Amino acid sequence: MIYAVIDTNVLVSALITNNSLSATAKVVRLLLNSEFTPLYESSIIEEYQEVLHRAKFKLVPGVADALISFIKEHGIETSRTTFLDSMPDEDDRVFYEVSLSVEDSFMVTGNLKHYPQTPKVISPADFLSVMMKFKEE
């Protein structure tokens, strides 16, 4: 099984795009098809709720709520593994630390520069490549 922490920006992008073939939309489809297991912690869920309900995104509240509920229902709530180095955006620390809590998990983000540059931190497009290779095995 593949495990991944999905950054909020990936969810927002997937929900606001008109391009169903975008990498972010495909990542969310894989999520909803239970092709990988999302990892989360209460702070991540709180951020999802706050950001996905911002008026500027014009998302249907029921869609945001359903996505968050799906993540909670089908994901794994896990603790954080402390990362001692500084981060470019400290608000993103929780996402990275949750990804560290499960070996071989991924941190999927559209903001690569906000995270340490490791093979664990990947773009939505790179995550799709990982998923494709996993399916081939």
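Everything numeric here is computed off the predicted structure, so don't read it as measured data.
- For the side chain to side chain donor-acceptor pair (under 3.5 Å) condition, the pairs that include at least one residue of residues 120-132, sequence neighbours left out, are Ser105-Lys120, Ser123-Asp126.
- The salt bridge (Lys or Arg N to Asp or Glu O under 4.0 Å) test applied to Glu35 returns Lys135, not counting sequence neighbours.
- Residues satisfying the side chain to side chain contact (heavy atoms under 4.5 Å, CB included) test with Met132, not counting sequence neighbours, are Glu136.
- Heavy-atom minimum distance, Glu97 versus Phe83: OE2-N, 3.0 Å.
- With sequence neighbours excluded, the residues that form a salt bridge (Lys or Arg N to Asp or Glu O under 4.0 Å) with Glu90 are Arg93.
- Checked against salt bridge (Lys or Arg N to Asp or Glu O under 4.0 Å), Arg29 has no partners two or more places apart in sequence or in another chain.
- Proximity of Arg80 to Leu100: side-chain heavy atoms (C-beta onward) are nowhere separated by under 4.5 Å.
- Shown here are the ring pair (Phe, Tyr, Trp, His ring centres under 6.0 Å) partners of Phe57, two or more places apart in sequence or in another chain: there are none.
- Contacts classified as ring-ring contact (aromatic ring centres under 6.0 Å, His included) and involving residues 12-31 (residues at least two apart or in different chains) are not found.
- If you take CD1 on Ile44 and OG1 on Thr78, they are separated by 9.5 Å, rounding to the nearest 0.5 Å.
- Distance CD1/Ile68 to CD/Glu46: 11.0 Å, rounded to 0.5 Å.
- Side-chain contact check for Ser101 and Thr81: no donor-acceptor pair (N or O, by modelled atom type) lies under 3.5 Å.
- A 4.5 Å side-chain heavy-atom check between Glu41 and Val94 finds at least one atom pair inside the cut-off.
- Atom CD1 of Ile16 is separated from atom NZ of Lys58 by 10.0 Å, given to the nearest 0.5 angstrom.
- Judged by distance alone, the side chain of Glu47 and the main-chain N or O of Asp92 form no donor-acceptor pair under 3.5 Å.
- Listed by chain and number, the residues in a side chain to side chain contact (heavy atoms under 4.5 Å, CB included) with Asp104 amount to none (sequence neighbours excluded).
- Sorted by first then second residue, the side chain to side chain donor-acceptor pair (under 3.5 Å) pairs that include residues 61-74, not counting sequence neighbours, are His53-Asp65.
- Under the 4.5 Å side-chain heavy-atom criterion for ILVMFWY residues, no single connected hydrophobic cluster contains both Leu30 and Leu21.
- For the pair Val28/Leu32, a side-chain contact is recorded, criterion being any heavy-atom separation below 4.5 Å from C-beta on.
- Remark: Ser99 pairs with no residue by the side chain to side chain donor-acceptor pair (under 3.5 Å) rule, at least two apart or across chains.
- Here the closest non-hydrogen pair linking Pro116 and Val121 is O-CG2, 3.5 Å.
- Using a 3.5 Å distance cut-off with no hydrogens or angles, the side chains of Asp89 and Tyr115 do not pair a donor with an acceptor.
- Note: Lys26 NZ to Leu128 CG = 6.5 Å, rounded to the nearest 0.5 Å.
- Within the structure, ring-ring contact (aromatic ring centres under 6.0 Å, His included) pairs that include any residue of residues 25-48 comprise Phe36-Phe127 (at least two apart or interchain).
- Side chains of Leu11 and Ile71 form a contact here, defined as non-hydrogen atoms less than 4.5 Å apart.
- Of all heavy-atom pairs between Thr17 and Ala25, the closest is CG2-CB, 4.3 Å.
- Between the side chain of Ser13 and the main chain of Val10, no donor-acceptor pair closer than 3.5 Å is present.
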Fill in: Worked verdict on Val108 versus Val5 for side chain to side chain contact (heavy atoms under 4.5 Å, CB included)
CA-CA 6 Å; Val108 183; Val5 178; over 6 Å; no

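- Contact detail for Pro124 and Thr24: the closest heavy-atom pair is CG-CG2, 3.9 Å.
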Discussion item. What verdict does the side chain to side chain contact (heavy atoms under 4.5 Å, CB included) test give for Ile122 and Met107, after you've listed the backbone C-alpha separation in whole Å, the side-chain angles of each residue and the deciding distance to 0.1 Å?
Written reply: CA-CA 6 Å; Ile122 60 177; Met107 171 65 241; over 6 Å; no

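- Taking Asn111 as the reference, Asn9, Thr109, His114 meet the side chain to side chain contact (heavy atoms under 4.5 Å, CB included) condition, with sequence neighbours excluded.
- Thr118 has its side chain within reach of Tyr96: a pair of non-hydrogen atoms, C-beta onward, lies under 4.5 Å apart.
- Rounding to the nearest 0.5 Å gives a distance of 7.0 Å between OG1 of Thr8 and CG of Leu52.
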